[in-house]
S.K.: 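One structure coming up, written as structure tokens, with questions to follow.
Just so we're on the same page: letters track the sequence lines, and every chain starts at 1. Predicted model only: the values in this text are computed from it and were never measured. Because only heavy atoms are used, hydrogens play no part in the values below, and waters and symmetry mates are left out as well, while side chains stay in.
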2 protein chains.
Amino acid sequence: MKVSDVNEAYDELAFEPHEEELLSRVAWHYYHDGLTQSEIGERLNLSRIKVSRMLDRGRRMGLIHVHINSSYGGCFALEARLQEIYGLDEARVIPAQEAGNVNDRLAEAASQYLMGRLKDQEMLAVGWGATVMGTLQRLARTLSYRDISLVSLTGGVSAYIEGVASGRSSQNVHLIPAPLVVSQESIAEAIRGERHVVEVMSMARTANYALVGIGAVADEATLIASGYASRSQFEIFRRQGAVGDIIGIFYDQNGAPLDLPFHKMLVGLDFEALSAIPQVIASAGGPKKVEAIRAAARGGRIDVLITDEPTAEAILDKDQA
Amino acid sequence: MKVSDVNEAYDELAFEPHEEELLSRVAWHYYHDGLTQSEIGERLNLSRIKVSRMLDRGRRMGLIHVHINSSYGGCFALEARLQEIYGLDEARVIPAQEAGNVNDRLAEAASQYLMGRLKDQEMLAVGWGATVMGTLQRLARTLSYRDISLVSLTGGVSAYIEGVASGRSSQNVHLIPAPLVVSQESIAEAIRGERHVVEVMSMARTANYALVGIGAVADEATLIASGYASRSQFEIFRRQGAVGDIIGIFYDQNGAPLDLPFHKMLVGLDFEALSAIPQVIASAGGPKKVEAIRAAARGGRIDVLITDEPTAEAILDKDQA
DNA sequence: GCTTTCGTCGATCATATGATCACGATGCGC
DNA sequence: GCGCATCGTGATCATATGATCGACGAAAGC
């Protein structure tokens with residue numbers, strides 16, 4: 001009775017500034033002093049439930065702001081927007097940072113992500129690319145302790161996967177024993193018809209996860225550096241509307257695969273098969289890849305994107321319109 | 001089994017940057033997205049209890065910072081320090097603000113404080129001063145609805161309390177029917193011996209709260225403005241070490257009352273009687289009063305201090321040494 | 001090499017929190 | 001002036017949280 005009287009009188013005269021003071025005081029006690037809501041209520045002659053409601057209002061009105069004191073802080077908002085706009089299962093954005101190679105840090109992030117996600121008995125299909133290689137190297141230690149199978153999505157993977165797989169029972173590693181690209185369509189067809197290749201490829205279709213890189217249609221592309229394609233080919237691809245590639249398959253700005261002779265010379269899965277894998281994880285970053293990543297995301301080519309902060313911002317900027 | 005395996009592998013490679021990322025992510029989900037700890041645990045393959053511990057660590061390490069978006073935000077830290085340093089029961093600091101008279105805002109804060117604190121059947125003793133008057137005016141509406149008794153600590157109060165008390169049953173208001181100061185010691189003694197005065201003063205001793213102002217020993221003092229004292233008297237008080245007054249009693253920088261002839265001409269309670277009241281609430285602010293407030297607080301003359309932000313800062317600055 | 005100590009883990013339980021409900025007051029429109 | 005709607009309140013209960021405990025595993029020391 002007394003208490004309610006007090007509160008009545010209190011509220012009767014409660015105008016805005018006082019309201020704000022009380023709210024701030026409650027918030028201060030709660031967040032700064034670490035008092036419980038009951039303790040605050042006792043002190044300020046408020047019911048516990050009222051304190052709870054005030055805190056709720058304070059949070060919703062933005063009076064109480066929680067800042068995460070970390071370079072990652074700003075990244076999570078980007079992740080949320082990437083997930084929402086492109087319908088991704090998950091996005092990981094690593095903070096901008098001068099020190100350190102971006103690709104190394106992306107590989108690190110990708111391996112962290114996979115380590116937390118891979119369960120025993122599961123199978124990981126890997127594509128082709130520099131970031132994928134880096135990720136696998138970092139994953140090697142974990143994989144060797146665990147019952148995880150590796151399978152390649154394309155040819156040309158053996159070059160870097162063998163070192164990674166060394167020391168572990170080879171029965172869990174299944175590679176397509178061929179290059180990524182061959183010189184003639186007929187040869188590609190022949191290789192794709194090989195029993196062992198067929199087996200590996202059908203196994204790849206059963207993988208739980210696919211880890212792929214995203215390539216830009218730029219002269220610095222790994223495909224060119226490694227001799228699988230030439231600059232003039234890239235120039236042609238670009239004129240046909242190519243903005244990027246995943247496992248050697250070039251796609252347009254909507255993420256739709258192009259109809260290129262080059263694709264017929266690839267040894268590996270096609271987009272349809274790739275999409276059938278439950279979760280396609282792409283790790284890529286850098287200014288040149290912005291358009292390639294955006295198109296892949298828009299086209300639903302990937303389920304999980306791991307990139308860096310400036311790239312994420314650039315991608316989202318383009319979709320503001 | 002599987003989950004623990006994952007966690008083991010996870011932690012095995014857990015080095016600092018990854019640690020920070022995970023912590024930030026947990027904090028983001030918790031504070032920004034409003035997920036429960038269990039939900040976060042599911043998503044990130046962590047046990048609920050571990051999420052709880054990470055949040056705890058994040059808070060203690062300062063990774064998670066809660067900001068209260070209000071001008072009051074900075075005041076609470078000052079309040080806490082005032083309470084700690086001077087052993088006050090409570091301190092209230094109102095934010096710095098250009099608009100509005102400081103004394104009005106102090107009176108407002110004091111009345112808010114009292115409204116929240118006064119219970120039915122309780123008695124409030126009031127001293128003399130401009131801020132006290134303002135506070136009572138604001139309290140009037142509340143008091144008239146409630147069973148709160150008013151009593152004066154000194155003479156001279158009737159001048160402003162009558163308007164406040166108008167309309168309510170006078171039986172709850174007990175004033176000393178005399179001026180604050182008289183011209184001769186003998187007159188003061190005579191008044192203090194009057195039956196009615198004795199009664200009111202003994203009633204004042206039983207009050208639950210005392211509300212007083214703090215006066216500076218400066219030419220602008222209300223005591224001078226109202227003709228109770230002269231500038232030359234103040235000059236003498238100052239030379240004797242006076243830094244301020246409460247209910248007409250001047251004290252030195254340690255809050256100890258001085259032995260002045262002036263005190264013998266006062267009609268009201270002395271410091272000893274004042275201190276016997278459970279809670280002495282002082283409301284005062286402004287640059288001139290810094291030293292007066294500080295001395296009163298140091299000397300334990302008051303239990304609750306209501307002041308403004310710049311004054312609180314100035315007071316505390318002086319005690320940094 | 002074995003033990004000891006430390007730190008971390010998850011299980012359990014007490015507590016803190018917030019969702020829901022029903023009530024009473026206030027203010028509005030008829 | 002009288003319902004009616006709306007809001008804010010506290011009571012009750014389900015859930016979320018964090019404190020405590022024992023156990024395990026890793027690193028350090030004998």
S.K.: Which nucleotide sits closest to the side chain of B/Arg48: C/dT17, D/dA16, C/dT12?
M.R.: C/dT12
S.K.: Round to the nearest Å and state the distance from A/His29 atom NE2 to C/dA16 atom C1'.
M.R.: 18 Å
S.K.: Answer whether the closest heavy-atom distance between the side chains of B/Met123 and B/Val151 falls below 4.5 Å.
M.R.: yes
S.K.: Take atom CG of B/Leu35 and atom C1' of D/dT17, then tell me their distance rounded to the nearest Å.
M.R.: 15 Å
S.K.: As a test of reading the structure: which of C/dA16, C/dG18, D/dT17 is closest to the side chain of B/Gln37, going by heavy atoms?
M.R.: D/dT17
S.K.: When the distance from CG of B/Asn45 to P of C/dC9 is rounded to whole Å, what number comes out?
M.R.: 14 Å
S.K.: Quick one: B/Arg59 CZ to D/dT17 P, roughly how many Å, whole number?
M.R.: 10 Å
S.K.: For the residue pair B/Glu79 and B/Gln83, confirm or rule out a side-chain donor-acceptor distance under 3.5 Å.
M.R.: no
S.K.: Hey, does the side chain of B/Lys50 come within less than 4.0 Å of C/dC9's phosphate (OP1/OP2), counting only N and O?
M.R.: yes
S.K.: A/Leu46 has an atom CG; how far is it from atom P of D/dA11, in whole Å?
M.R.: 14 Å
S.K.: From C-beta outward on B/Ile49, which listed nucleotide comes closest to its side chain: D/dT17, C/dA11, D/dT12?
M.R.: C/dA11
S.K.: Any side-chain N or O of A/Ser52 less than 4.0 Å from the OP1 or OP2 oxygen of C/dG18?
M.R.: yes
S.K.: Should B/Glu21 and A/Arg92 count as side-chain neighbours, where that means a heavy-atom distance under 4.5 Å?
M.R.: yes
S.K.: What is the separation between atom OH on B/Tyr31 and atom C1' on D/dT17, rounded to the nearest whole Å?
M.R.: 11 Å
S.K.: Using only heavy-atom distances, determine whether the side chains of A/Gln279 and A/Asp89 contain a donor-acceptor pair under 3.5 Å.
M.R.: yes
S.K.: Using atom CE of A/Met54 as one end and atom P of D/dG8 as the other, report the distance to the nearest whole Å.
M.R.: 12 Å
S.K.: Kindly point out which of D/dT12, C/dG10, C/dC21 is positioned nearest to the side chain of B/Arg53?
M.R.: C/dG10
S.K.: Can you find a side chain N or O atom of A/Ser47 that sits less than 4.0 Å from OP1 or OP2 on D/dG10?
M.R.: yes
S.K.: What is the distance, to the nearest angstrom, from the OH atom on A/Tyr30 to the P atom on C/dT17?
M.R.: 4 Å
S.K.: Can you find a pair of side-chain heavy atoms, one from A/Glu313 and one from A/Leu78, that are under 4.5 Å apart?
M.R.: yes
S.K.: Is B/Ser38 near enough to D/dA16 that one of its side-chain N or O atoms lies under 4.0 angstrom from OP1 or OP2?
M.R.: no
